[in-house]
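Remember, it's a predicted structure, so these values are computed and weren't measured experimentally.
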Amino acid sequence: MITPTTVSESFVKWMEDNSYGTFGTNIYLNQIPDEAPDNAYWVVTAGGDVTRLNVTAESTQQFNTQVFYRNKSGQAVEHNLFALNQQLNARGCFTIEGFDLYSIEASMPEDNDKDVENRPQASITVAIQIYVS
């Protein structure tokens, strides 16, 4: 289990808590190791910016992450990323540990072709906005 100190780490913890996998076993942060299993996610920090600065000195910051997933089955890749997209874009209360969440939004799955070992892979982009005081 990961102890989050960054937005990306907190998102990985959310994935663990929602049964997508286990950090270091089949969920990785920023790089996927050579020995990772065929069925694996990796979350890559992809920048962001300050999206709103209020006169009261509060601001909203947006962090972008890309979530990649691979599997030997192309259908499993599409289904798993679509399910993740649907959960992230669902109505209701959404929280990530250690941060005051303003909004979260996920793109539709994008096919990334096959990796060097002929496993289908795809990704979604997740925009996470937090309040900063």
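- With sequence neighbours excluded, the residues forming a side-chain hydrogen bond (donor to acceptor under 3.5 Å, both in side chains) with Thr5 are Glu9, listed by chain and number.
- With sequence neighbours excluded, no residue satisfies ring-ring contact (aromatic ring centres under 6.0 Å, His included) with Phe82.
- Scanning for salt bridge (Lys or Arg N to Asp or Glu O under 4.0 Å) contacts around Lys72 gives Asp38, with sequence neighbours left out.
- For Asn71, the side-chain contact (heavy atoms from CB on, under 4.5 Å) partners are Asn39, Tyr69, Ser73, Ala76, Val77, not counting sequence neighbours.
- When side chains are defined from C-beta on, Met15 counts as touching Tyr41, because their heavy atoms get closer than 4.5 Å.
- The distance from the OH atom of Tyr131 to the OG atom of Ser103 is 8.5 Å, given to the nearest 0.5 Å.
- Atom CD1 of Ile104 and atom CZ of Phe63 lie 12.5 Å apart (nearest 0.5 Å).
- In terms of the ring-ring contact (aromatic ring centres under 6.0 Å, His included) criterion, Phe99 has no residue partners (sequence neighbours excluded).
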Quick one, Thr95 with Leu101, criterion side chain to side chain contact (heavy atoms under 4.5 Å, CB included). Give me CA distance, side-chain angles, the key distance, then yes/no.
CA-CA 6 Å; Thr95 61; Leu101 193 64; 5.8 Å; no
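- Glu16 CD to Asn26 CG: the interatomic distance, rounded to the nearest 0.5 Å, is 9.0 Å.
- Judged as a side-chain contact (heavy atoms from CB on, under 4.5 Å), and not counting sequence neighbours, Asp111 has no contacts.
- Counting heavy-atom neighbours within 6.0 Å of Gln62 CD, excluding the residue itself, gives a total above 12.
- The 12-atom threshold is not exceeded at CD of Gln75, counting heavy atoms of other residues, nucleotides or ligands nearer than 6.0 Å.
- Within the 4.5 Å cutoff, the side chain of Thr125 has no heavy atoms near those of the Thr65 side chain.
- Looking at residues two or more places apart in sequence or on another chain, you find no side-chain hydrogen bond (donor to acceptor under 3.5 Å, both in side chains) involving Gln66.
- With a 4.5 Å cut-off on side-chain heavy atoms, Gln121 and Asp113 do not count as touching.
- Cluster note: Val44 groups with Tyr28, Ile32, Trp42, Phe68 through ILVMFWY side-chain heavy atoms spaced under 4.5 Å, whether in direct contact or through intervening members.
- Linking ILVMFWY residues whenever their side-chain heavy atoms come closer than 4.5 Å, directly or via other members, places Phe94 and Val132 in the same cluster.
- Qualifying side-chain hydrogen bond (donor to acceptor under 3.5 Å, both in side chains) partners for Glu117, counting only residues two or more places apart in sequence or in other chains: Arg119.
- Evaluation of the side-chain contact (heavy atoms from CB on, under 4.5 Å) rule for Ala106 yields Asn85, Leu88, Asn89, Ile124, Val126 as partners, not counting sequence neighbours.
- Atoms CE and CD, from Met108 and Gln86 in turn, are 6.0 Å apart once rounded to the nearest 0.5 Å.
- With sequence neighbours excluded, no residue forms a salt bridge (Lys or Arg N to Asp or Glu O under 4.0 Å) with Glu35.
- Separating the CD1 atom in Ile130 from the CD1 atom in Ile96 is a distance of 7.0 Å, to the nearest 0.5 Å.
- Applying the side-chain hydrogen bond (donor to acceptor under 3.5 Å, both in side chains) rule to Thr45 yields the partners Ser8, Asn30; only residues at least two apart in sequence or on another chain are considered.
- Rounding to the nearest 0.5 Å gives a distance of 11.0 Å between CG of Leu81 and NE2 of His79.
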